[in-house]
There are 2 protein chains.
Amino acid sequence: MAHKEIGAYHEDDIRLARFAKALGHPARIAILRQLANMNCCFCGDIVEELPLAQATVSQHLKELKVSGLIQGNIEPPKVRYCIDPENWKKAKEMMSAFFNLNPSAL
Amino acid sequence: MAHKEIGAYHEDDIRLARFAKALGHPARIAILRQLANMNCCFCGDIVEELPLAQATVSQHLKELKVSGLIQGNIEPPKVRYCIDPENWKKAKEMMSAFFNLNPSAL
DNA sequence: ATTGTTCATCGCAAATATACGATGAATAAA
DNA sequence: TTTATTCATCGTATATTTGCGATGAACAAT
């Protein structure tokens, strides 16, 4: 029963987990894939691609924004969404570093 | 009413989302980091490293097993956990391919 | 047989996530 | 002004996740 420091996760583990969590739903993967392929697109374009109501898509977009992986620019009356290059790069690097910590066998 | 058609998503998006979701908690990141560093270790070793009760750690281990990222071998009275090299490699490749779909800017 | 160790599972509570319809805000066009 | 379009947010329902104590299963050592 040893000593557990409460709240004792490493900052990098928390950051990586946040990025991973944002990727943890197929709808959000699909959204990011679309944004990456098309560079940028409007919210409505995304709604058309997914089997979800507009409100639900908007919610997934919000989560992706909070995670930092995307950004949204208002171009009335639409909103243009793009991948956030800086955080995308950061997530990519952290994820890559994590998977390269390696089970000797690879 | 939560799930709509799961078939509406692409199989690869579902698989990647499942891996990502498994990584979506700092405790599970920490567990995987420890397993990767030490190659293999006992459940008890992991419990000592985390600020969580044994039951909770066991639950996180179960999720990681279900995701396929780790495997557990019984060596009475202990259980030795290791990263599953095959699925680890698969997750690594899928994640890498995903992040290399690219926002032109990188 | 009894005891101790290690770990999984059960049962429960609280917190989060997922989804949708309805509504609101902002803007353009008539 | 009125109408239509686009998107966010609110309210609500349900599902899933997270966490812990208690208990159980399997085994080793006495």
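Letters go in sequence order (proteins before strands), and every chain restarts at 1. Note that the coordinates shown come from a computational prediction; the quantities given were computed from them, not determined experimentally. When reading the values below, keep in mind they use all heavy atoms of this one structure, side chains included, and skip hydrogens, waters and symmetry mates.
Using a 4.5 Å heavy-atom threshold, the side chains of B:Tyr81 and B:Lys65 count as touching. Put simply, the side chain of A:Arg15 reaches to within 4.5 Å of the side chain of A:Met94, judged on heavy atoms.
Looking at A:Arg28, its side chain does come within 3.5 Å of a backbone N or O of A:Ala22 through a donor-acceptor pair.
For B:Lys21, the listed nucleotide lying nearest its side chain is D:dT17; candidates were D:dT6, C:dA8, D:dT17. Across C:dC7, C:dT27, C:dA19, the shortest atom-to-atom separation from the side chain of B:Tyr9 is found for C:dA19. Closest to the B:Pro77 side chain, of the nucleotides D:dG21, D:dG19, C:dT5, is C:dT5. Side-chain atoms of B:Lys78 lie closest to C:dC7 of the nucleotides D:dT9, C:dC7, C:dA28. Comparing D:dT9, C:dA28, D:dC20 against the side chain of A:Ala55 picks out D:dT9 as the nearest. Distance from the side chain of A:Gln59 is smallest to C:dA19 among D:dT9, D:dC20, C:dA19.
Residue whose closest nucleotide on DNA chain D sits further toward the 5' end, between B:His25 and A:Val79: A:Val79.
Atom CD1 in A:Ile74 sits about 12 Å away from atom P in C:dA28, given to the nearest Å. In this entry the distance linking CZ of B:Phe42 with P of C:dT5 reads 17 Å, nearest Å. Atom C1' of nucleotide D:dC7 and atom CD1 of A:Ile31 are separated by 14 Å, given to the nearest angstrom. Taking atom NZ of residue A:Lys62 and atom C1' of nucleotide C:dA19, one finds them 15 Å apart after rounding to whole Å. Straight-line distance from the CD atom of A:Glu75 to the P atom of C:dA26: 18 Å, rounded to whole Å. Look at CD on A:Gln54: it is 7 Å from P on D:dA8, rounded to the nearest Å. With rounding to whole Å, B:Asp45 atom CG is found 13 Å from C:dC7 atom C1'. Put simply, CG on A:Leu61 is 10 Å from C1' on D:dA8, counting in whole angstrom units.
For B:His60 and D:dG19, the shortest distance from a side-chain N or O to OP1 or OP2 is below 4.0 Å. A close approach under 4.0 Å does not occur between any side-chain nitrogen or oxygen of A:Thr56 and OP1 or OP2 of C:dA19.
If you check every strand for non-hydrogen atoms under 4.0 Å, A:Glu63 touches sugar and phosphate atoms only. Residue B:Arg28 is classed as a sugar-phosphate contact, given heavy-atom separations below 4.0 Å to backbone atoms only.
Cluster annotation: B:Leu35 is not connected to B:Val66 through the hydrophobic network of ILVMFWY side chains, with a link wherever side-chain heavy atoms come within less than 4.5 Å.
Ring geometry for A:His60 versus A:His25: interplanar angle of 30 to 60°, hence tilted.
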